[in-house]
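Beneath this line is the structure, given in structure tokens, with notes to follow.
None of these values were measured; they are calculated from a predicted model.
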Amino acid sequence: MEIGGICPLNSLRRDNLLSMDNSSISKVFADIAVLMQAKGENVFKVRAHSNASDAIKSLPFPIAGIVDDATRLGEIPGFGEAIVEKTQELVRTGRLGLLERLLEELPDGVLELVQIPGIGPKTAVAAATELGISTFEQLAASIESGEFQSLPRISKKSAAQILRHAKMRVDQGERIGIGSAIEAANNVITELKTRCPNISQIEVAGSVRRMSELVGNIDILCSVPDNESAITIIDAFTTLSNVYDVLSHDDKHAVFTDRAGFKFSMYLVRPEAFAGALVYATGSISHGIRLEELAAGKQLKFTSDGLFDSASETLEPLDSEKNAYGRLGLSFIPPEMREDAGEIERAVDDDLSSIVTSDDIRGDLHSHTNWSDGRYSMEDMVAAALERGLEYLAITDHSPSATVANGLKPDMLLAHNAAVRELDQTAGVRLLTGTEMDIKPDGSLDYSDELLADLDLVIASIHSGMDQDEDTMTHRVIAAMESPHVDVICHLTARLLGKRSPVLIDIDAIFAAAVRTGTVMEINASPDRLDLSAEHVRRGMDMGVIFAISTDSHHTWQFDNMRFGVSTAIRGWVESNRVINTLSYSNLMAFLALPKSERYAFNKSRGQ
């Protein structure tokens, strides 16, 4: 059960400066690029700041750590003297004069409006200036009233699409994506451990630990041996570098918001209570209530401070979450499943050992290199996969229709295949030739059958024509699935969490076609996508779908995103024998060698 609030004491507020992690610095440069474009600035200046944003986002180390080394900063791709100086100003002062000047020169709301697909900087300025629109709510209301459609280049069709995205942002509210939430939580825990090195037990809890795709706050549970330590840790927590407003604090609980208004909460317990308290703090409210009821039936009391004997009020000795669930008559329930969606009933008789875990994953079936829009060479990506212990990797650069992604024309695909096969001889990880092929708006494919037949793996996806109606989009994807060469449909709904709403598509019809045609459905592990969603994944499980969990890596470090895909699979109750990249390389190749019509039957032989 997520940690609740306490009565606030006097609010403590600190006008601290911008956080200096890579994500925040990258966003500043991205915002500058947008505002410059809105003002009609030189395209090369716009591009320089946009490229700087991309470069910072992809760095494998904190750029703040080298801010005093102008030479090293200058070695970052796209970092000229001006970008180096701006980076140093931003990191050293927490502010950037250029950004502040641009914000003063443009109307409020421009940076918010350009987040909506279909609204460029010039339209954003017009909407803010002429219509007074500065929020997503105002944008949606303006479209529904017909006022927004008076702006240049806004058709009835484009307005309808913009409205879908705007309503998605309204529904999202102040919640942020799980990737950003985990980064923020890890930053807090790392800084707290640095300032309080004697901390022995500390975990993020609540919706972040359940790996909900969008989260509204970050809950942290920490153990303390005594009251003196509690005071020290609460003091450190409420004076962290990202604290903006301390909402409440006492000797065991504190809450603050960062500059963006996002809420962080910490709760302290004794070390011997930590396991039980972590179970309580992780589950949804309804999951926690169910556990309280089970505890009461066993003369126990389950609270945020742990599990107690009801009569004596003594703490039950628990050394793990598994033991906590066992004391309640249940098998261990993975954090991702603790939503009161039937998992408690299942845990009575099932040990849940069939649910997929990260340890089950043998390879990755979706990755990109600098042959298309990846940032690293094929050799670098393979080395990163090997470093992470993968047994195999499919290299699936884009097809020609993905022009913005530098998609490979047929002759380049043949050269790409040859390069993959040559590298496979010495890589230390088995490589599969492949492509991420566009499904064109009419459902046709980007390569000929002859070219596709020469590949080990073909994954297909939607990158254009996303405004099609549900019937058209559904038939488009099913047409691709009918191909004997399309092995996997990847990121089916084409959504970008918090940025782009999913396409309109009949999920049940797609899953029925997957089973009928022998097509695998991808769970895309990028925290920006998580597509399929956990809800869709669970529906797919019910309908008999087979999955692949893949990272869609464009950078070497993105292979680490596999955990997001696995957690989404766990949230959808996926069992390991329903995921093809839990197969060994030899069994995977045997699966792919079969006609598609025989693959689902082959997979059932795994004990499905």
Side-chain angles (χ1 to χ4, degrees), residues 14-37 41-42 44-104 111 176-177 179-197 218 236-244 256-262 264 375-376 380 384 527-528 554-558 560-561:
R14 190 177 75 189
D15 278 331
N16 63 312
L17 306 176
L18 290 172
S19 173
M20 288 300 104
D21 58 77
N22 284 7
S23 294
S24 299
I25 298 169
S26 171
K27 186 178 185 304
V28 168
F29 281 100
D31 288 348
I32 288 173
V34 167
L35 295 172
M36 280 183 162
Q37 190 176 357
E41 295 270 8
N42 182 292
F44 296 105
K45 287 185 178 180
V46 173
R47 190 175 299 151
H49 289 83
S50 179
N51 290 343
S53 172
D54 290 342
I56 293 166
K57 190 187 304 181
S58 65
L59 289 176
F61 57 85
I63 195 171
I66 63 167
V67 71
D68 293 324
D69 190 337
T71 301
R72 283 196 66 190
L73 285 174
E75 293 171 353
I76 298 173
F79 266 53
E81 182 178 349
I83 296 296
V84 168
E85 290 176 355
K86 290 184 179 81
T87 302
Q88 290 177 323
E89 177 189 349
L90 179 58
V91 174
R92 288 169 178 167
T93 69
R95 291 189 170 94
L96 191 55
L98 174 59
L99 176 62
E100 293 175 355
R101 289 193 298 274
L102 288 168
L103 287 170
E104 289 175 359
L111 286 177
I176 64 175
S180 298
I182 285 182
E183 181 180 11
N186 287 343
N187 288 341
V188 163
I189 289 174
T190 298
E191 185 177 349
L192 198 59
K193 283 184 172 180
T194 300
R195 293 181 58 179
C196 304
I218 291 173
F237 183 72
T238 54
T239 56
L240 292 170
S241 61
N242 68 326
V243 172
Y244 179 66
F256 72 79
T257 60
D258 64 11
R259 195 173 188 86
F262 197 71
F264 295 75
R375 292 305 181 95
Y376 290 85
D380 286 342
D528 293 329
H554 290 68
H555 303 263
T556 53
W557 54 266
Q558 288 178 336
D560 295 330
N561 287 339

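- Separating the CD atom in Glu85 from the CD atom in Glu89 is a distance of 9.5 Å, to the nearest 0.5 Å.
- Of the charged side-chain nitrogens involved, none lies within less than 4.0 Å of a carboxylate oxygen, so that Asp380 and Arg375 do not count as a salt-bridged pair.
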Working for side chain to side chain contact (heavy atoms under 4.5 Å, CB included), residues His49 and Lys86: CA-CA 10 Å; His49 289 83; Lys86 290 184 179 81; 3.4 Å; yes
Worked check of side chain to side chain contact (heavy atoms under 4.5 Å, CB included) between Leu240 and Arg195: CA-CA 9 Å; Leu240 292 170; Arg195 293 181 58 179; 4.2 Å; yes
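- Counting only heavy atoms from C-beta outward, the side chains of Thr238 and Val243 never approach each other to under 4.5 Å.
- A distance of 6.0 Å or more separates the ring centres of Phe237 and Phe264.
- In this structure, CD in Gln88 is found 11.0 Å from OG1 in Thr93, a value given to the nearest 0.5 Å.
- When all heavy atoms of Thr194 and Pro197 are compared, the pair lying nearest together is O-CD, 3.8 Å.
- Applying the 6.0 Å contact sphere to CZ of Phe61 captures more than 12 heavy atoms from other residues, nucleotides or ligands.
- Side-chain contact between Leu98 and Met36: present, with at least one pair of heavy atoms (C-beta onward) separated by less than 4.5 Å.
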Full working for side chain to side chain contact (heavy atoms under 4.5 Å, CB included) between Asn187 and Glu191: CA-CA 6 Å; Asn187 288 341; Glu191 185 177 349; over 6 Å; no
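- Counting only distance, with no hydrogens or angles, the side chain of Glu100 and the backbone of Gly97 share no donor-acceptor pair below 3.5 Å.
- Of all heavy-atom pairs between Ala55 and Ile76, the closest is CB-CG2, 3.9 Å.
- Under the 6.0 Å distance and 45° angle rule, Arg72 does not count as a cation-pi partner of Phe79.
- Taking CD1 of Ile218 as the start and CD of Glu183 as the end, the distance is 10.0 Å to the nearest 0.5 Å.
- In this structure, the separation between OG on Ser53 and CG on Asn22 is 10.5 Å, given to the nearest 0.5 Å.
- Rounding to the nearest 0.5 Å places CZ of Phe29 at 12.0 Å from CG of Asp54.
- Residues Glu41 and Leu35 have side chains not in contact (no heavy-atom distance under 4.5 Å, counting atoms from C-beta outward).
- Annotation for Ser50 and Ala33: closest pair N-CB, 3.8 Å, computed over non-hydrogen atoms.
- A distance of 14.0 Å separates CD1 in Ile32 from CD in Gln37, rounded to the nearest 0.5 Å.
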Check against side chain to side chain contact (heavy atoms under 4.5 Å, CB included), Ile83 and Asn51: CA-CA 10 Å; Ile83 296 296; Asn51 290 343; over 6 Å; no
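- Scanning all heavy atoms of the two residues, the minimum distance from Ala64 to Val91 falls at CB-CG1, 3.9 Å.
- In this structure, Val188 and Asn242 approach most closely via the heavy-atom pair CG2-ND2, 3.8 Å.
- For the pair Leu111 and Val34, the tightest heavy-atom approach, listed with the atom from each and the gap, is CD2-CG1, 4.1 Å.
- Pro60 places none of its side-chain heavy atoms less than 4.5 Å from the side chain of Thr556.
- By the neighbour-count criterion of 12 heavy atoms within 6.0 Å, atom CD of Glu81 is sparsely surrounded, having that number or fewer from other residues, nucleotides or ligands.
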